[in-house]
Amino acid sequence: GRAAVVAVDLTTGERTGVSTSFIPDTVFTFGIPGAIAIDSANNRALVIDTALASIVTVSLFDDLAVGIRIGKRSSLPEGAALRTDNQLQTPRGISIDAGNNQALVIDSGLNAVIAVDAFNGTQLWETDVPNSRRIGAMKNSGQMLIEGDDLYIAAEEQCWKIDTATGQRTAVLQLPNRGDDEPYHWGYLNCTGDQLFATGVKPTATFTKTWTGGASYLEGDFRPVVVGQSIFSVDRHTGETLWTYQNGAIMNSAIAIGQ
C-alpha cells in the first residue's frame, strides 16, 4: 500500500521507504499515517495514524540484539496492542516535548490539545482550544509548535500560548492590525528563537469540516490551496508586531524559514 514513512535525502532528493506495510515486516501495519514528529533523543518517530486514532512509534535505528529493526512499528505504549482506553478521537497533529517526555497532540474532533506520556501513552493533561479544528494540512500548513517551555496553537483570530508542563493557557496573541476592517485568522505558524512567523488568512480559507467527496477535493494535484493575505512576525513573549508584509497572496504550504 501507499501508507509509509519516507526519508528524503536533503542533498539529492532521493527517497527511501523507512516503514511501509511491508518494510521491515507486515506486523502492525499502518492504517492512514498522517502527522509525524521526530523523537531524536530516542531514535524514533511518532506518527499519528488517523484510521486507528492512535500514535504509532517507528524505530529509526537497528538493535538486532533485542529484535528492533529500522522501521519497526508499534503503538504507544511500546510493544502493546492498540489500546482499548484510547483517549484520542480525531488526532491530526503531533509535536515532541522532549523536556517533559511527552507528546502533544491536536485532536480536531475534541477541539483540544492532549499531552500523553511519550513512553507509556498515559494522558497527562487536556486543554480545550475552541475553534482549533483544521483538516487538509497538505493544502494548508501546521498550526502548532513548541518553543522552550511554551506551546503555540493557532485558532481562528487567536494564537494561544500554553505551558507545556501544565496545559494552562498563559497568553493569547492577536493578529497585527492590517489597517482595514476585514476579519482575518491565523494561518501558517512557525518559530525561530523569540520570533513567531505567521500568515493572516481569510476566515473562509481554512478547511474545518469534512464532507462527502471531500477527499477527492483535497487530495491530488491541481486542487485549491490555502493562501495568506499577509505574512508577519511577532515577539513570542509579548505579542509585539515586529514586521508585516501584505503585498499579494502567500501560499501557506510554500513558506520556509532559515536559521
Peer 1: Indicate yes or no for a side-chain donor-acceptor contact from Tyr152 to the backbone of Arg236 under 3.5 Å, with no hydrogens or angles considered.
Peer 2: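 Looks like yes, one N/O pair under 3.5 Å.
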
Peer 1: Side chains of Ser74 and Thr57: do they bring a donor and an acceptor to under 3.5 Å?
Peer 2: yes

Peer 1: Compile the donor-acceptor pairs under 3.5 Å between side chains in residues 239-247 and protein atoms, sequence neighbours left out, one pair per line.
Peer 2:
residue	atom	partner	partner atom	Å
Tyr245	OH	Asn247	O	3.1
Gln246	NE2	Arg178	O	3.4

Peer 1: Short question: side chain of Ser95, backbone of Leu145 - any donor-acceptor pair under 3.5 Å?
Peer 2: no

Peer 1: Kindly write out the residues that satisfy side chain to side chain contact (heavy atoms under 4.5 Å, CB included) with Thr11, not counting sequence neighbours, or none if the list is empty.
Peer 2: Asp9

Peer 1: Under the side chain to side chain donor-acceptor pair (under 3.5 Å) test, which residues partner Asp194, sequence neighbours left out?
Peer 2: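 For Asp194 the side chain to side chain donor-acceptor pair (under 3.5 Å) partners, ignoring immediate neighbours, are His237.
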
Peer 1: Between Asp163 and Arg169, is there a salt bridge with N-O shorter than 4.0 Å?
Peer 2: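 Salt bridge absent between Arg169 and Asp163.
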
Peer 1: Which residues pass the ring pair (Phe, Tyr, Trp, His ring centres under 6.0 Å) test with Tyr184, not counting sequence neighbours?
Peer 2: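 Ring pair (Phe, Tyr, Trp, His ring centres under 6.0 Å) check on Tyr184 returns nothing, list empty.
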
Peer 1: Please determine, by modelled atom types, if Asn100 and Thr164 share a side-chain donor-acceptor pair under 3.5 angstrom.
Peer 2: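 Distance-only check passes for Asn100 and Thr164.
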
Peer 1: With a cutoff of under 4.5 Å between side-chain heavy atoms, which Ile, Leu, Val, Met, Phe, Trp and Tyr residues group with Ile23?
Peer 2: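 Direct or chained contacts put Ile23 with none.
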
Peer 1: Using a strict cut-off of less than 4.0 Å between a Lys/Arg side-chain nitrogen and an Asp/Glu carboxylate oxygen, indicate whether Asp107 and Arg92 qualify as a salt bridge.
Peer 2: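 Judged by the 4.0 Å cut-off on N to carboxylate O distance, Asp107 and Arg92 do not form a salt bridge.
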
Peer 1: With sequence neighbours excluded, tell me which residues meet side chain to side chain donor-acceptor pair (under 3.5 Å) with Asn252.
Peer 2: Asn140, Thr199

Peer 1: Any donor and acceptor pair, going by atom type alone, linking the side chain of Asn111 with main-chain N or O of Ser132 inside 3.5 Å?
Peer 2: yes

Peer 1: Assess, by modelled atom type and distance only, whether the side chains of Ser19 and Arg73 contain a donor and an acceptor separated by less than 3.5 Å.
Peer 2: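 The criterion, which ignores hydrogens and geometry beyond distance, is satisfied for Arg73 and Ser19.
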
Peer 1: Please determine, by modelled atom types, if Gln158 and Trp160 share a side-chain donor-acceptor pair under 3.5 angstrom.
Peer 2: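 Yes, Trp160 and Gln158 have a side-chain donor paired with an acceptor closer than 3.5 Å.
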
